[in-house]
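For clarity, every value in this text was computed on a predicted model and none was experimentally measured. Quick note on labels: first sequence line is chain A, next is B, and so on, each numbered from 1.
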There are 2 protein chains.
Amino acid sequence: MTQPLDPAMFHECRDGVMPLQIGDKWTARIIRCLEDGPRRFSELRIPLRGITPKVLTESLRAMERDGFVRHTAYAEMPRRAEYELTALGRTLLEPMEACCEWSRRHLPAFLDARESWSGS
Amino acid sequence: MTQPLDPAMFHECRDGVMPLQIGDKWTARIIRCLEDGPRRFSELRIPLRGITPKVLTESLRAMERDGFVRHTAYAEMPRRAEYELTALGRTLLEPMEACCEWSRRHLPAFLDARESWSGS
DNA sequence: CAGAATCCACCGCGATACTG
DNA sequence: CAGTATCGCGGTGGATTCTG
């Protein structure tokens, strides 16, 4: 869940190395799911095929801690919970979009490289 | 070393999830070190403080396999090796720069969020 | 100098079961 | 429904030693 902010990474960000703390398996996906508005816990589990409730909880807690997500729990029965991106969380969509743009443009070349590698 | 390209990730890139395969600990740093031209093995080890020769080798091999780096070995004594970014490797600088720009702008807010979290 | 070979610690993530 | 509690595997990355 991208836990400790590597101190080296921190001072390196000045030098141009990206300390974007969303490099784990789920965080970026979760951000995408929250892009269009608040979602409930069980709503998130559907597009995030196969995610375990434990891992989803851990991820959301980490994102809360980092200021990317706001968590609202309603004391109803049955319970209800809502998660939504904060303003800071939304700013992550920019670099994510840059990465997606890279994929659209260069993923074929990337896959070709891997392909011809096995034949080496 | 960001080994298997998660097939899910692959088809998700259409949906906007970034499959940028440089999310491990060293790849982005190595790219930065190669940004200004070819570098030798031992030259890379200096700015990459603490990297083990084993890990550096593994990382460079993976980057070679993915088409990001070109490796040239000279049969001299003592040996010499040079690593340089390919054209494809250079294209990674764009999304990396977007991530760095995010850091410059939002890292303070990010750190504040973590700070006030411990007091919660 | 440029690695290769071993061994090992950590932890991210998954599987499963349980609860208010 | 929205989680928590255990358990455990696999893989990344570090430490150390050795070699042409």
Crowding at CD, A:E84 (>12 non-hydrogen neighbours, <6.0 Å):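 Count over threshold, so yes.
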
Per [X] side chain, nearest of listed nucleotides [options]:
X: A:F41; options: C:dG3, C:dC13, D:dA2; answer: D:dA2
X: A:Y83; options: C:dG3, D:dG3, D:dG14; answer: D:dG3
X: B:V55; options: D:dT4, D:dG13, C:dG3; answer: D:dG13
X: A:P53; options: C:dA2, D:dT4, C:dC13; answer: D:dT4

Does [X] make a side-chain N or O approach to OP1 or OP2 of [N] shorter than 4.0 Å?
X: B:S42; N: C:dA2; answer: yes
X: A:R61; N: D:dG3; answer: yes
X: B:T52; N: D:dG13; answer: no
X: A:Y74; N: D:dG3; answer: no
X: A:R80; N: D:dA2; answer: no
X: B:K54; N: D:dT17; answer: no

In a table with atom names and distances, give each donor-acceptor pair under 3.5 Å that connects a side chain of residues 33-43 of chain B to protein atoms at least two apart or in another chain.
from	atom 1	to	atom 2	distance (Å)
B:E35	OE1	B:R32	NH1	3.2
B:E35	OE2	B:R32	NH1	3.2
B:E43	OE1	B:R40	N	2.7

Roughly, in whole Å, what's the span from [atom1] in [X] to [atom2] in [N]?
X: B:R39; N: C:dC1; atom1: CZ; atom2: P; answer: 17 Å
X: A:L44; N: D:dC1; atom1: CG; atom2: P; answer: 13 Å
X: A:M77; N: C:dT19; atom1: CE; atom2: P; answer: 15 Å
X: A:R49; N: C:dG14; atom1: CZ; atom2: C1'; answer: 17 Å
X: A:L56; N: C:dC13; atom1: CG; atom2: P; answer: 13 Å
X: B:R79; N: C:dA2; atom1: CZ; atom2: P; answer: 8 Å
X: B:L60; N: D:dT12; atom1: CG; atom2: C1'; answer: 16 Å
X: B:E58; N: D:dT12; atom1: CD; atom2: P; answer: 8 Å

Residues B:E97, B:R104; criterion salt bridge (charged side-chain N to carboxylate O under 4.0 Å, His left out); working and verdict: CA-CA 10 Å; B:E97 186 48 46; B:R104 272 174 239 123; 2.6 Å; yes

Under the rule for salt bridge (Lys or Arg N to Asp or Glu O under 4.0 Å), what residues qualify as partners of A:R61, not counting sequence neighbours?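 With sequence neighbours excluded, A:R61 shows a salt bridge (Lys or Arg N to Asp or Glu O under 4.0 Å) to A:E64, given in chain and number order.
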
Of A:T57 and A:P78, whose closest DNA chain D nucleotide lies nearer the 5' terminus?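 The residue whose closest nucleotide sits nearer the 5' end is A:P78.
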
Contact nearer the 5' end of DNA chain C, comparing B:A81 with A:I51: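 Per heavy-atom nearest nucleotide, the more 5' residue is B:A81.
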
Ring-face cation contact, B:W117 with B:R114, 6.0 Å cut, 45° max: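 Checked: cation-pi criterion not met.
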
